[in-house]
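What follows is a single structure, written as structure tokens, with notes after it.
Remember, predicted model here, so these are calculated numbers, not experimental data. Count residues from 1 along the sequence.
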Amino acid sequence: GDEALPRNSLIQGLTVGILASMGVATPLVHRRPIVTILGSGTELVDIQEAPKRGQIRDSNRYVLAALSRNSGAQVVETDRIADSRQQLEDAIARGLDSDVLVLSGGVSAGVYDLVAPALDKLGVKTLFHKVAMKPGKPLLFARHADTLIFGLPGNPVSTYVTGILFLSPALQVLSGRPPGLFNLQAELTGELAATGRRETVHPAVLSQRLDGVFQVSPLEWRGSADQAAFARANCFIRRRAMAPALTAGELVRVQCLQMPLR
């Protein structure tokens with residue numbers, strides 16, 4: 001019963017033993033959400049191709065597929081779409097059969113940013129477009145019947161951050177898991193500049209001293225195109241808009257991506 005094993009418990013380790021001891025051979029479980037991932041942009045080429053002038057390798061779909069699977073989802077399709085309104089509309093229409101449709105790129109305000117118009121034409125209801133966050137401002141979220149649609153920025157760092165903070169929690173909820181990242185306060189080991197008009201997500205490394213105190217070291221970050229800084233990070237420092245500069249020893253809000261280092 002629920003007293004022995006509460007609803008939404010992850011079946012692993014001792015929970016398997018509890019189910020077995022109770023004679024539950026076929027427990028009722030959440031279905032893994034089905035996800036379709038589309039990357040848009042004529043400038044994108046396959047990761048095995050050598051990019052020519054004005055081209056980049058299509059890495060975002062691989063990042064989002066890994067993130068979706070780690071969040072409990074089943075990725076059924078990933079596809080790369082050129083900057084063609086008709087191709088994009090056709091691909092989105094197919095993706096609306098999934099529980100979650102994820103689009104990378106095409107959500108800013110440029111001539112070739114076709115996602116929002118394509119969604120409108122297909123009768124998809126956009127719930128919000130753009131968030132006051134750095135990186136990740138162009139984020140779009142929409143819904144069509146029971147399908148959730150996430151339009152993530154094409155910039156690789158922005159895709160990763162919005163995927164972690166918006167897409168992953170939604171997939172975790174649909175999978176029956178507790179949503180979101182673990183939060184704590186940690187002591188800064190260095191300085192942080194004042195923030196601008198948007199909430200800022202800063203890459204950092206969290207560690208724990210022998211006395212148990214958590215410390216966080218901001219990583220040098222050269223802006224939203226700097227993938228290396230976020231790849232080295234095991235946490236995010238979250239700071240509100242217009243926050244003042246901070247010095248070593250002050251406390252900041254940290255969201256953990258991985259176990260901290262000692």
Side-chain angles (χ1 to χ4, degrees), residues 6 8-15 59-60 63-64 66-73 131-137 139 150 152-153 155-262:
N8 293 330
S9 296
L10 191 61
I11 299 177
Q12 62 178 4
L14 199 55
T15 57
S59 63
N60 286 350
V63 171
L64 293 170
L67 178 62
S68 297
R69 294 186 181 104
N70 289 342
S71 301
V131 290
M133 187 178 80
K134 178 183 179 181
K137 178 181 176 181
L139 175 73
F150 290 85
L152 307 185
N155 179 285
V157 168
S158 297
T159 293
Y160 174 68
V161 172
T162 52
I164 289 283
L165 298 182
F166 291 87
L167 172 63
S168 182
L171 295 177
Q172 290 165 341
V173 168
L174 293 174
S175 304
R177 303 183 181 194
L181 302 173
F182 182 74
N183 289 264
L184 54 81
Q185 280 196 321
E187 188 180 276
L188 270 177
T189 64
E191 297 182 351
L192 272 180
T195 60
R197 299 177 66 87
R198 289 182 281 162
E199 180 180 350
T200 301
V201 178
H202 200 103
V205 173
L206 181 68
S207 59
Q208 189 175 22
R209 296 195 319 225
L210 292 177
D211 62 2
V213 173
F214 286 105
Q215 292 184 311
V216 63
S217 302
L219 293 171
E220 184 179 357
W221 175 34
R222 302 176 188 273
S224 59
D226 187 359
Q227 296 184 68
F230 277 88
R232 294 195 304 272
N234 67 358
C235 69
F236 294 155
I237 297 175
R238 296 287 297 272
R239 303 199 65 214
R240 58 180 173 80
M242 309 304 291
L246 297 177
T247 57
E250 297 191 72
L251 294 177
V252 290
R253 176 191 174 198
V254 171
Q255 290 186 300
C256 303
L257 301 171
Q258 303 166 19
M259 291 294 289
L261 303 172
R262 279 209 177 267

- Message: Run Leu10 and Arg177 through side-chain contact (heavy atoms from CB on, under 4.5 Å) and show every step you take.
- Response: CA-CA 7 Å; Leu10 191 61; Arg177 303 183 181 194; 4.3 Å; yes
- Could you walk me through whether Phe150 and Thr162 pass the side-chain contact (heavy atoms from CB on, under 4.5 Å) check? CA-CA 9 Å; Phe150 290 85; Thr162 52; over 6 Å; no
To the nearest 0.5 Å, atom CG of Leu67 lies from atom OH of Tyr160 at 8.0 Å
Tell me, yes or no, whether the heavy-atom count around Gln185 atom CD, taken from other residues, nucleotides or ligands under 6.0 Å, exceeds 12. yes
Heavy-atom nearest pair, Gly180 first then Pro169, reads N-CB, 4.0 Å
Donor-acceptor pair, side chain of Ser217 and main chain of Gly190, under 3.5 angstrom: no
CG of Leu152 to CG of Leu64, rounded to nearest 0.5 Å, is 5.5 Å
_Counting C-beta onward and ignoring hydrogens, is there a side-chain heavy-atom pair between Val254 and Phe214 closer than 4.5 Å?_
no
On a heavy-atom basis, the closest approach of Glu199 and Arg239 is CG-O, 3.0 Å
* To do: Determine, step by step, whether Arg240 and Thr195 satisfy the side-chain contact (heavy atoms from CB on, under 4.5 Å) criterion, reporting the C-alpha distance in whole Å, the side-chain angles of both residues, the deciding distance to 0.1 Å, and the verdict.
  => CA-CA 7 Å; Arg240 58 180 173 80; Thr195 60; 5.7 Å; no
CG (Leu181) and CD (Gln172) are apart, to the nearest 0.5 Å, by 7.5 Å
field: Close side-chain approach of Trp221 to Pro135, heavy-atom, < 4.5 Å
entry: yes
Nearest heavy-atom contact between Gln255 and Leu165 is OE1-CD2, 3.6 Å
Do the non-hydrogen side-chain atoms of Leu188 and Val216 ever get within less than 4.5 Å of each other? yes
Distance col, row Thr159:OG1 vs Ile164:CD1, nearest 0.5 angstrom, shows 11.5 Å
What one should report as the nearest heavy-atom pair of Ala233 and Pro203 is CB-CB, 3.8 Å
So CZ of Arg238 and OG1 of Thr200: to nearest 0.5 Å the spacing works out to 10.0 Å
- request: Take Glu250 and Thr247 through the test side-chain hydrogen bond (donor to acceptor under 3.5 Å, both in side chains) and record every step on the way to the result.
  value: CA-CA 6 Å; Glu250 297 191 72; Thr247 57; 3.2 Å; yes
Correct closest heavy-atom pair for Pro218 and Glu191 would be CG-O, 4.1 Å
Could you check Ile237 against Arg253 for side-chain contact (heavy atoms from CB on, under 4.5 Å), going step by step and ending with a plain yes or no?
-> CA-CA 6 Å; Ile237 297 175; Arg253 176 191 174 198; over 6 Å; no
Exercise. Say whether, by atom type as modelled, one donor and one acceptor occur between the side chain of Asn8 and the main chain of Pro6 under 3.5 angstrom.
Key: no
SG (Cys256) and CG (Leu206) are apart, to the nearest 0.5 Å, by 5.0 Å
Between Asn60 and Pro153, the two heavy atoms sitting closest are ND2-O, 4.3 Å
With a 4.5 Å cut-off on side-chain heavy atoms, are Leu139 and Met133 touching? no
If we only count heavy atoms from C-beta on, is the Met242 to Arg197 side-chain gap below 4.5 Å? yes
